[in-house]
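Contents: one structure, followed by commentary.
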Amino acid sequence: MILHELISYDVLRVIWWALLGLLLIGFAMTDGFDMGVGALLPFVGKTDVERRVVINTVGPVWEGNQVWFILGGGAIFAAWPPLYAVSFSGFYLAMFTVLAALILRPVAFKYRSKREDPRWRSSWDWCLFIGGAVPALIFGVAVGNVLQGVPFELTADLFSRYEGAFYAKFAGLLNPFALLTGLVSLAMLVTHGAAWLSFKAEGVVAERSRRFGTVSGLLMIAGYVLAGIWLATGIEGYALVGEVVANGPSNPLYSEVVRSDSWLSTYSERPWAAVAPLLGLLGMTMTVLGLRAGREGSTLLWSKLGILGTISSVGLTMFPFLLPSSLDPRSSLTVWDSSSSHQTLFVMLVSTAIFMPIILAYTAWVYRVLWGKVTEADVTDSHSAY
């Protein structure tokens with residue numbers, strides 16, 4: 001027996017769908033609080049020392065946290081090549097905007113304290129704000145567009161073609177539902193950043209973070225519920241019809257896809273999937289209560305649970321769809337018809353089983369070494385602090 005046949009093709013596809021989701025959740029849980037802290041920076045730090053405290057809560061870890069972003073992009077490229085090609089083509093300008101914002105972050109970290117000029121430092125602080133808020137918003141906008149369907153179609157040769165002019169396509173991404181999901185994403189990560197600052201900072205910085213986090217958490221909960229209602233009543237879903245070949249060739253045009261009444265019909269077919277949105281709401285509710293009560297460690301854990309439930313709810317609601325097409329439903333990409341080969345997925349799984357525990361162990365060690373709060377004395381007395 002060939003080694004990769006130990007795990008069937010359909011099972012490998014589901015495993016890599018789950019791993020992709022875990023990578024995205026890992027990115028939101030780690031680099032998510034970096035982005036949330038950046039978005040909060042101009043508001044929770046009023047003096048230069050306070051802002052330096054805020055920056056140094058994430059300064060030692062933000063680069064390592066971005067590993068999850070790289071792993072997620074790499075997993076899409078290697079495990080789901082059609083998804084990588086179609087999504088990066090359609091969201092090209094949005095992705096460029098995200099990368100430009102993320103590029104501002106390391107530059108701001110390195111150059112902010114090179115001069116004592118308050119205007120100089122304030123300018124870089126706003127660059128850190130952009131580097132945190134813009135990606136958080138655009139990632140959510142992308143999710144909103146995916147739920148509505150993206151205007152592309154596949155030719156007989158499996159080339160993707162998008163409808164509309166380049167700038168018109170970008171403007172079309174900024175539709176009301178997508179903007180709502182973008183604001184939900186931003187509010188979620190701002191709340192996560194506030195929970196992190198409550199855990200790592202002290203004094204007035206932590207107190208302001210709790211106040212802002214409470215407001216953003218309530219906004220996230222309200223926006224999440226509103227998005228769910230909107231999804232149930234105003235947005236059509238997608239469904240596969242006919243026999244589904246779970247271990248067939250990676251050719252989306254072999255599948256028959258139609259628009260359905262609602263994405264939320266998945267909860268009647270798989271009632272257990274309702275656990276995800278419930279966890280999202282529970283986690284964010286407990287985060288808000290924890291911030292109001294001044295709890296620290298448990299609040300950060302509840303925030304992570306809220307992120308887990310919120311992101312999982314999107315994946316479980318859409319399964320098996322990865323990128324539905326509003327222009328031609330038959331061109332929609334699903335778990336069953338847009339993956340790499342059986343052997344490729346198996347080799348990647350073996351590599352992941354070897355290297356992922358090493359990454360997790362190293363990450364845990366780093367956080368243990370850097371355990372503890374950042375104080376004003378830490379940033380004023382240390383020459384290595386940002």
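Ring orientation note: the planes of Y162 and F152 are tilted relative to one another, at an angle of 30° to 60°.
Between N251 and L158, the closest side-chain pair of non-hydrogen atoms falls below 4.5 Å. Residues M284 and L279 have side chains not in contact (no heavy-atom distance under 4.5 Å, counting atoms from C-beta outward). Two residues are said to be in side-chain contact when any heavy atoms from C-beta on lie closer than 4.5 Å; F177 and L147 meet this criterion. In this structure the side chain of V134 reaches within 4.5 angstrom of the side chain of T97, judged on heavy atoms. When side chains are defined from C-beta on, W336 does not count as touching N247, because their heavy atoms never get closer than 4.5 Å. Using a 4.5 Å heavy-atom threshold, the side chains of M220 and T287 count as separate. Side chains of D34 and V61 form a contact here, defined as non-hydrogen atoms less than 4.5 Å apart. The closest side-chain heavy-atom distance from M188 to S216 is not below 4.5 Å.
Judged as a side chain to side chain donor-acceptor pair (under 3.5 Å), the pairs with a partner in residues 298-310 (not counting sequence neighbours) are, in order, H192-S303. Identified under the side chain to side chain donor-acceptor pair (under 3.5 Å) test for residues 123-137, with sequence neighbours left out: R51-D125, R112-D125. Pairs passing the salt bridge (Lys or Arg N to Asp or Glu O under 4.0 Å) check and including a residue from residues 363-379, sequence neighbours excluded, read E296-K373.
More than 12 heavy atoms of other residues, nucleotides or ligands lie within 6.0 Å of CZ in F88, so this atom counts as buried by the packing criterion. For R292, the CZ atom counts as loosely surrounded, since its 6.0 Å shell holds 12 or fewer non-hydrogen atoms of other residues, nucleotides or ligands. Within a 6.0 Å sphere centred on CG of D117, other residues, nucleotides and ligands contribute more than 12 heavy atoms. Counted within 6.0 Å of CZ on F355, heavy atoms from surrounding residues, nucleotides or ligands total 12 or fewer; the atom is thus considered open. A 6.0 Å sphere centred on OH of Y367 holds more than 12 heavy atoms belonging to other residues, nucleotides or ligands.
The two residues Y9 and S250 have their closest heavy-atom pair at OH-OG, 3.6 Å. Contact detail for P60 and L370: the closest heavy-atom pair is CB-CD1, 3.4 Å. In this structure, L189 and A28 approach most closely via the heavy-atom pair CD2-O, 3.9 Å. In plain terms, the two heavy atoms of G140 and S185 that are nearest each other are CA-CB, 3.6 Å.
Under the ring-ring contact (aromatic ring centres under 6.0 Å, His included) criterion, W371 pairs with F199, not counting sequence neighbours. The side chain to side chain donor-acceptor pair (under 3.5 Å) check on T317 picks up Y267, with sequence neighbours excluded. Applying the side chain to side chain donor-acceptor pair (under 3.5 Å) criterion to S332, with sequence neighbours excluded, gives no partner residue. For E116, the salt bridge (Lys or Arg N to Asp or Glu O under 4.0 Å) test picks out R121, with sequence neighbours left out. The side chain to side chain donor-acceptor pair (under 3.5 Å) check on S260 picks up nothing, with sequence neighbours excluded. Every residue two or more places apart in sequence or in another chain was checked for a ring-ring contact (aromatic ring centres under 6.0 Å, His included) with W16, and none qualifies. Scored by the ring-ring contact (aromatic ring centres under 6.0 Å, His included) test, F91 finds no partners at all (sequence neighbours excluded). Remark: F159 pairs with no residue by the ring-ring contact (aromatic ring centres under 6.0 Å, His included) rule, at least two apart or across chains. Remark: S313 pairs with Y224 by the side chain to side chain donor-acceptor pair (under 3.5 Å) rule, at least two apart or across chains.
For the side chain to side chain donor-acceptor pair (under 3.5 Å) with R13, the lone residue among S339, S8, S338 that qualifies is S339. Each of I76, V335, V146, V86 was compared with L322 under the side chain to side chain contact (heavy atoms under 4.5 Å, CB included) criterion, and only V335 meets it.
Residue M35 is grouped with residue V54 when hydrophobic side chains (ILVMFWY) are merged at heavy-atom distances under 4.5 angstrom, including chains of intermediate members.
Without hydrogens or angle criteria, D31 side chain to F27 main chain gives no donor-acceptor distance under 3.5 Å. Judged by distance alone, the side chain of N145 and the main-chain N or O of L173 form a donor-acceptor pair under 3.5 Å. Checked by atom type and distance alone, the side chain of Q148 pairs as donor or acceptor with a backbone atom of G144 at under 3.5 Å.
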Exercise for the section: Could you check R330 against E153 for salt bridge (Lys or Arg N to Asp or Glu O under 4.0 Å), going step by step and ending with a plain yes or no? Expected result: CA-CA 8 Å; R330 186 164 167 258; E153 63 179 354; over 6 Å; no

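In this structure, the ring of F33 has its center less than 6.0 angstrom from the ring center of W196. Less than 6.0 angstrom separates the ring centroid of W263 from the ring centroid of Y238.
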